[in-house]
Amino acid sequence: QVQLVESGGGLVQAGGSLRLSCAASGTIFSIHGMGWYRQAPGKQRELVATITSGGSTNYADSVKGRFTISADNAKNTVYLQMNSLKPDDTAVYYCKLEIRMYMYDYTTDYWGQGTQVTVSS
């Protein structure tokens with residue numbers, strides 16, 4: 001089995017920074033993609049940023065220039081550095097990893113438990 005553990009959320013004032021981490025453990029042969037999503041109260045979950053195993057990144061327009069996604073493949077960990085935070089960034093943030101458990105297995109999406117980010121004005 002695979003477990004994802006998120007950390008780094010919290011309360012911050014507007015303009016501040018936070019760094020989220022998501023570490024995967026368990027039976028992992030390879031990771032094919034990593035991403036961060038968020039869900040604000042009363043809204044649908046939305047994509048924040050993704051990174052491929054090759055290092056290509058993609059960001060939602062609302063976070064471009066402020067957030068940076070990165071990964072440490074040796075540690076099976078994905079990070080989200082969030083700078084210049086705004087109250088609109090308040091949400092529960094979830095990581096998602098596309099993991100292949102065995103060499104001849106298919107990939108499966110695994111989700112973190114979610115971490116609350118609250119930005120006060």
Side-chain angles (χ1 to χ4, degrees):
Q1 294 299 321
V2 174
Q3 299 82 37
L4 302 186
V5 177
E6 296 185 31
S7 61
L11 173 64
V12 65
Q13 289 187 333
S17 298
L18 284 174
R19 189 191 195 210
L20 306 183
S21 300
C22 174
S25 62
T27 304
I28 299 172
F29 175 77
S30 59
I31 300 177
H32 292 259
M34 301 178 178
W36 289 95
Y37 297 73
R38 66 187 182 187
Q39 187 166 17
K43 296 186 177 181
Q44 289 189 332
R45 190 172 297 187
E46 63 176 4
L47 181 147
V48 175
T50 61
I51 185 167
T52 68
S53 57
S56 297
T57 58
N58 180 55
Y59 295 93
D61 289 343
S62 59
V63 307
K64 281 181 181 177
R66 300 187 298 121
F67 290 11
T68 301
I69 188 170
S70 62
D72 185 334
N73 294 327
K75 295 182 178 180
N76 293 331
T77 300
V78 61
Y79 305 95
L80 185 68
Q81 177 66 43
M82 304 184 293
N83 299 327
S84 302
L85 282 160
K86 305 175 181 179
D88 284 349
D89 295 318
T90 296
V92 177
Y93 284 70
Y94 298 90
C95 61
K96 186 186 79 169
L97 275 63
E98 302 167 28
I99 294 174
R100 188 189 305 272
M101 292 179 63
Y102 304 100
M103 179 183 291
Y104 299 110
D105 202 358
Y106 46 81
T107 60
T108 301
D109 290 344
Y110 290 88
W111 289 86
Q113 80 278 12
T115 185
Q116 178 70 47
V117 171
T118 303
V119 184
S120 63
S121 57

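Scope of the values below: all heavy atoms of this structure, side chains included, with no hydrogens, waters or symmetry mates.
Arg45 forms a cation-pi arrangement with Tyr94, by the criterion of a distance under 6.0 Å to the ring centre and an angle within 45° of the ring axis.
The minimum heavy-atom distance linking Leu4 with Cys95 is given by the pair CD1-SG, 4.1 Å. Considering every non-hydrogen atom in both Ala14 and Ser121, the closest pair reads CB-CA, 4.4 Å. Smallest separation of non-hydrogen atoms from Tyr79 and Ser21: CD2-OG, 3.3 Å. Contact between Asp109 and Lys96 at its shortest, heavy atoms only, is OD2-NZ, 3.7 Å.
Side-chain atoms of Thr90 come within 3.5 Å of backbone atoms of Val119 as a donor-acceptor pair (strictly under, hydrogens ignored). A donor-acceptor contact shorter than 3.5 Å is absent between the side chain of Arg19 and the backbone of Gln81. Using a distance-only test at 3.5 Å, with no hydrogens or angles considered, no donor-acceptor pair links the side chain of Gln116 to the main chain of Gly9. Although no hydrogens or angles enter the test, the distance criterion places a donor-acceptor pair under 3.5 Å between the side chain of Gln113 and the main chain of Glu6. Side-chain atoms of Glu98 never come within 3.5 Å of backbone atoms of Thr107 as a donor-acceptor pair (strictly under, hydrogens ignored).
Following chains of ILVMFWY side-chain contacts shorter than 4.5 Å, one can reach Phe67 starting from Ile69, so the two form part of one hydrophobic cluster. Linking ILVMFWY side-chain heavy atoms closer than 4.5 Å, directly or via other members, places Leu85 and Tyr37 in two distinct hydrophobic clusters. Taken together through direct or relayed side-chain contacts under 4.5 Å among Ile, Leu, Val, Met, Phe, Trp and Tyr, Tyr102 and Tyr110 form part of one hydrophobic cluster.
Distance CD/Gln3 to OG/Ser25: 4.5 Å, rounded to 0.5 Å. Summarising the geometry, atom CG belonging to Leu20 is positioned 8.0 Å from atom OG belonging to Ser7; distances are rounded to the nearest 0.5 Å.
Two residues are said to be in side-chain contact when any heavy atoms from C-beta on lie closer than 4.5 Å; Phe29 and Met101 fail this criterion. Contact annotation: the side chain of Thr115 never approaches that of Val92 to less than 4.5 Å [non-hydrogen atoms, C-beta and beyond]. Val63 places a side-chain heavy atom less than 4.5 Å from the side chain of Arg38.
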How far apart are the C-alpha atoms of Tyr59 and Val48, what are their side-chain angles, what is the distance that settles it, and do they pass the side-chain contact (heavy atoms from CB on, under 4.5 Å) test? CA-CA 6 Å; Tyr59 295 93; Val48 175; 6.0 Å; no
Check the pair Met82 / Val117 against side-chain contact (heavy atoms from CB on, under 4.5 Å), numbers first and verdict last. CA-CA 10 Å; Met82 304 184 293; Val117 171; 3.9 Å; yes
Any chance you could lay out the side-chain hydrogen bond (donor to acceptor under 3.5 Å, both in side chains) test for Ser17 and Asn83, step after step, and finish with the verdict? CA-CA 4 Å; Ser17 298; Asn83 299 327; 2.9 Å; yes
Kindly determine whether Trp111 and Leu97 satisfy side-chain contact (heavy atoms from CB on, under 4.5 Å), including the steps that lead there. CA-CA 7 Å; Trp111 289 86; Leu97 275 63; over 6 Å; no
Please report the C-alpha distance between Ile99 and His32 in whole Å, then the side-chain angles of each, then the deciding distance to 0.1 Å, and finally whether the side-chain contact (heavy atoms from CB on, under 4.5 Å) criterion is met. CA-CA 6 Å; Ile99 294 174; His32 292 259; over 6 Å; no
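Sorted by first and then second residue, the salt bridge (charged side-chain N to carboxylate O under 4.0 Å, His left out) pairs with a member in residues 111-121 form an empty list; sequence neighbours excluded.
Exactly one residue among Thr50, Ile51, Thr52 makes a side chain to side chain contact (heavy atoms under 4.5 Å, CB included) with Asn58. That residue is Thr50.
For the pair Arg100 and Asp105, the salt-bridge criterion is not met [side-chain N within less than 4.0 Å of a carboxylate O]. Salt bridge Asp89/Lys86: absent, no basic N to carboxylate O contact under 4.0 Å.
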